[in-house]
Amino acid sequence: MTAIADKISKTIRDVYDFPVKGIIFKDITPVLKDIALVNSIIDLFASKFESYKIDKIAAIESRGFLFGMPLAIKMGVPFVPIRKKGKLPAETVSAAYALEYGLAVIEMHKDAVSKGERVLVIDDLLATGGTVNAAAELIEKLGADCAAAAFVTELSFLNGRTNINNKNLEIFSILTY
Ligand code: AMP
């Protein structure tokens with residue numbers, strides 16, 4: 001384990017039975033309070049992706065924003081939000097994905113990314129992969145390429161990587177459980 005992954009694992013808080021019984025929620029709010037650690041996370045993402053010719057960073061509501069926007073500033077590339085259905089005001093594209101019970105829908109503005117652009121997706125955590133799959137679908141619907149997806153943590157026992165439809169999509173996680 002890298003020093004930064006070790007630090008994240010010691011800082012992140014496990015909350016049992018949230019939001020429903022049986023789930024161990026990985027609470028990143030203690031990480032956010034350690035601003036030196038946040039800075040190292042952003043620096044690590046920036047150095048990992050500096051050679052990827054990224055045109056835009058797309059982050060997923062809402063915890064993805066906490067890492068996506070500072071990374072966009074650090075890398076000097078535009079930021080676009082991916083939000084839950086009904087939150088974005090202008091014309092959108094949408095993608096549905098399965099949750100434990102029922103369906104969820106996420107949206108992105110139609111003018112968020114352009115044909116041929118290379119987009120890096122950021123979220124706090126990779127679980128089953130449903131969310132990042134839907135995010136990649138939105139980007140691809142608009143003719144852009146999902147160059148990679150990066151997470152602070154990954155719950156590998158939920159097999160998120162194998163559930164991703166785009167088999168060329170590179171997945172990067174700092175800390176894997
Ligand atoms: P998934 O679509 O299953 O990969 O779930 C990923 C999304 O759900 C991310 O936006 C996470 O913030 C959130 N999430 C799922 N499971 C957890 C968990 N155990 N702890 C914290 N966040 C989670």
Side-chain angles (χ1 to χ4, degrees), residues 1 4-34 37-38 41-42 44-45 49 56-72 79-88 92-109 112 119-141 146-177:
M1 196 188 284
I4 170 159
D6 183 52
K7 178 82 179 153
I8 295 166
S9 75
K10 286 179 174 137
T11 309
I12 219 161
R13 173 165 53 192
D14 285 354
V15 181
Y16 288 80
D17 298 324
F18 183 88
V20 292
K21 206 167 168 47
I23 301 287
I24 303 173
F25 192 86
K26 298 288 179 191
D27 177 19
I28 53 139
T29 62
V31 173
L32 301 175
K33 281 161 68 188
D34 184 342
L37 181 55
V38 174
I41 291 169
I42 300 306
L44 180 59
F45 281 153
F49 294 109
K56 293 226 167 92
I57 288 176
I60 302 168
E61 179 179 353
S62 56
R63 289 181 295 277
F65 295 173
L66 302 169
F67 300 97
M69 187 74 222
L71 180 62
F79 173 86
V80 295
I82 294 176
R83 298 207 60 186
K84 289 174 187 139
K85 189 180 165 61
K87 301 286 184 185
L88 287 169
T92 57
V93 280
S94 57
Y97 61 101
L99 290 176
E100 229 175 326
Y101 299 103
L103 281 182
V105 176
I106 53 171
E107 296 180 329
M108 188 164 67
H109 275 147
V119 183
L120 170 62
V121 173
I122 300 290
D123 204 358
D124 68 324
L125 182 140
L126 174 64
T128 66
T131 312
V132 67
N133 226 357
E137 193 184 315
L138 292 177
I139 290 160
E140 285 156 12
K141 265 187 189 173
C146 192
F151 305 87
V152 179
T153 59
E154 173 178 349
L155 305 180
S156 63
F157 53 88
L158 293 175
N159 300 317
R161 285 175 190 251
T162 47
N163 292 334
I164 290 165
N165 296 328
N166 179 349
K167 298 298 170 204
N168 296 321
L169 178 59
E170 182 180 341
I171 303 291
F172 175 73
S173 312
I174 301 175
L175 169 65
T176 301
Y177 288 94

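Every value quoted in this text rests on a predicted model; they were computed, and no experiment measured them. Along the sequence shown, residues carry numbers from 1. In each ligand, atom 1 is the first atom listed, and ligand 1 is the first ligand listed.
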Given side chains that start at C-beta, do those of Leu32 and Phe67 come closer than 4.5 Å, heavy atoms only?
yes
Are Thr128 and Tyr97 packed together at the side-chain level, in the sense that at least one heavy-atom pair is separated by less than 4.5 angstrom?
no
Whether the side chain of Lys56 engages the backbone of Val121 through a donor-acceptor N/O pair (distance < 3.5 Å, no angle test) should be reported.
no
Exactly one of Glu61, Glu107, His109 clears side-chain hydrogen bond (donor to acceptor under 3.5 Å, both in side chains) with Arg83, and that residue is Glu61
Please check if the side chain of Ser156 supplies one atom and the backbone of Tyr177 the other of a donor-acceptor pair under 3.5 Å.
yes
Side-chain contact, heavy-atom cut-off 4.5 Å: Leu155 with Thr153?
no
Close residues, ligand 1: non-hydrogen atom nearer than 4.0 Å:
Ile24, Phe25, Lys26, Arg63, Asp123, Asp124, Leu125, Ala127, Thr128, Gly129, Gly130, Thr131, Leu155
